[in-house]
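Reviewing the structure listed below.
Note that this is a predicted model, so its numbers are computed, not measured.
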Number of protein chains: 2
Amino acid sequence: MNSLKQKILTEGKVLSDSVIKVDGFLNHQVDPAFMQSMGEEFSRRFRGCGITKVLTLESSGIAPAVMTGLCLGVPVIFARKRKSLTLHEQLYSAEVYSYTKQESSEISVSKDYIEANDKVLIIDDILANGQAALGMVDIVNQVGATLEGIGIVIEKGFQEGGEVLRKRGIHVETLAAIASLADGQVTFQTKEVLSQ
Amino acid sequence: MNSLKQKILTEGKVLSDSVIKVDGFLNHQVDPAFMQSMGEEFSRRFRGCGITKVLTLESSGIAPAVMTGLCLGVPVIFARKRKSLTLHEQLYSAEVYSYTKQESSEISVSKDYIEANDKVLIIDDILANGQAALGMVDIVNQVGATLEGIGIVIEKGFQEGGEVLRKRGIHVETLAAIASLADGQVTFQTKEVLSQ
């Protein structure tokens, strides 16, 4: 998605060979009209899959997920990072390891809002090592629902998450896949690399 | 907003005299089209104020805030509950006490995305004791920006938050104000009570 790549080039701040700060348009401040255009793009890529639910993880996934749900006309569930104080037995949960924080945490979804006959599209803001996405895949599998695919705003193609998910046969769509952040420069993957 | 009140009556679960669970349409699962209609209503109520930024707090405020920003055509910032690992000195921060968790936490907003000449609309999902809203008001004041008002999806009118904010002269708009949850019944406030 060229408008996104342009935003990454002009507004993203490369902090190291593996970290790019996209607070200005994805993780902290968002441009709702731009979010809507990303929702339309995800919707276009997964239209015809019969999606019945969009699943994301709080917090940065919520804005793109809600816009995708708006375009597809389906509900959006955001997995919580903390269990609710009530009704623990009513939750599907999965462990997610954070390499940044070097700790495991639990994400959970209420059994009330996702069912075995759901066709689920997972949306998330950034795909790096894939831990958050794998946690959500785990929850979809526990439910026995059908995972139709995963839509990612920015994929760090130089980390293993995308490969791990695609090797499992999951349909992963990325709006902008970064090949490298070396020397403070953002280089995007070409379609050829992505489809390997 | 009658459609919201109807949803609270049919889908809300009263757990005690002070707690109502609205996970099905606000805190965990959201209906994006319904969120958009709430964004349109906030936009209608604050149109003409010259809003330049919508400010909310992760996570449950994000969906209504992004839809409000979409209608008003302005960026949305979500205050973070944890400080970023980088650039601490680049943050406005405020303490927020949670009565539910009985602990204080810090919320923060990057200095990059909010300025003294901004006209800010705060959007949040639920107003109870007002601590989260007051934390965001504190940040707007630190910036020296103009607080144009606060839009709340559900106000628990039997808790003090609304009164505290209105006594400060803040323009608070609530889409559904609950007067009581006694005996497992939801009773809404009338306009007369709200305008006192």
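Counting heavy-atom pairs closer than 4.5 Å to chain A, the top residue among B:S60, B:A79, B:G73 is B:S60. Counting heavy-atom pairs closer than 4.5 Å to chain A, the top-ranked of the candidates B:A63, B:A33, B:G24 is B:G24. The choice from B:L55, B:V76, B:V66 that makes the most heavy-atom pairs within less than 4.5 Å of chain A is B:V76.
Residues A:F25 and B:V54 share a hydrophobic cluster, clusters being chains of Ile/Leu/Val/Met/Phe/Trp/Tyr side chains in contact below 4.5 Å. Taken together through direct or relayed side-chain contacts under 4.5 Å among Ile, Leu, Val, Met, Phe, Trp and Tyr, B:L70 and B:V74 form part of one hydrophobic cluster. Linking Ile, Leu, Val, Met, Phe, Trp and Tyr whenever their side-chain heavy atoms come within less than 4.5 Å leaves B:I152 and B:L175 in two separate clusters. Both A:I178 and A:V14 belong to a common hydrophobic cluster when Ile, Leu, Val, Met, Phe, Trp and Tyr are linked at side-chain heavy-atom distances under 4.5 angstrom. Each of A:M35 and B:I77 belongs to its own hydrophobic cluster when Ile, Leu, Val, Met, Phe, Trp and Tyr are linked at side-chain heavy-atom distances under 4.5 angstrom.
In this structure, B:E163 places its CD atom where only 12 or fewer heavy-atom neighbours from other residues, nucleotides or ligands lie under 6.0 Å away. Summarising the local packing, CG of A:D183 is surrounded by 12 or fewer heavy atoms from other residues, nucleotides or ligands at distances under 6.0 Å.
A heavy-atom distance below 4.5 Å is found between the side chains of A:M67 and B:M67. Within the 4.5 Å cutoff, side-chain heavy atoms of A:R80 are placed close to those of B:N27.
The heavy-atom pair separating A:P32 from B:P75 by the smallest distance is CD-CA, 4.0 Å.
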Inset, instruction - Would you check, one step at a time, whether the test side chain to side chain contact (heavy atoms under 4.5 Å, CB included) holds for A:I62 with B:F78? - result: CA-CA 11 Å; A:I62 295 175; B:F78 46 99; over 6 Å; no
Inset, instruction - Begin from the C-alpha positions of B:I114 and A:Q29 and carry the test side chain to side chain contact (heavy atoms under 4.5 Å, CB included) through to its verdict. - result: CA-CA 10 Å; B:I114 186 163; A:Q29 177 177 256; over 6 Å; no
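The backbone N or O of A:S110 sits less than 3.5 Å from a side-chain atom of B:H28, completing a donor-acceptor pair.
If you measure heavy-atom distances from B:V19 to chain A, you find no contacts under 4.5 Å at all.
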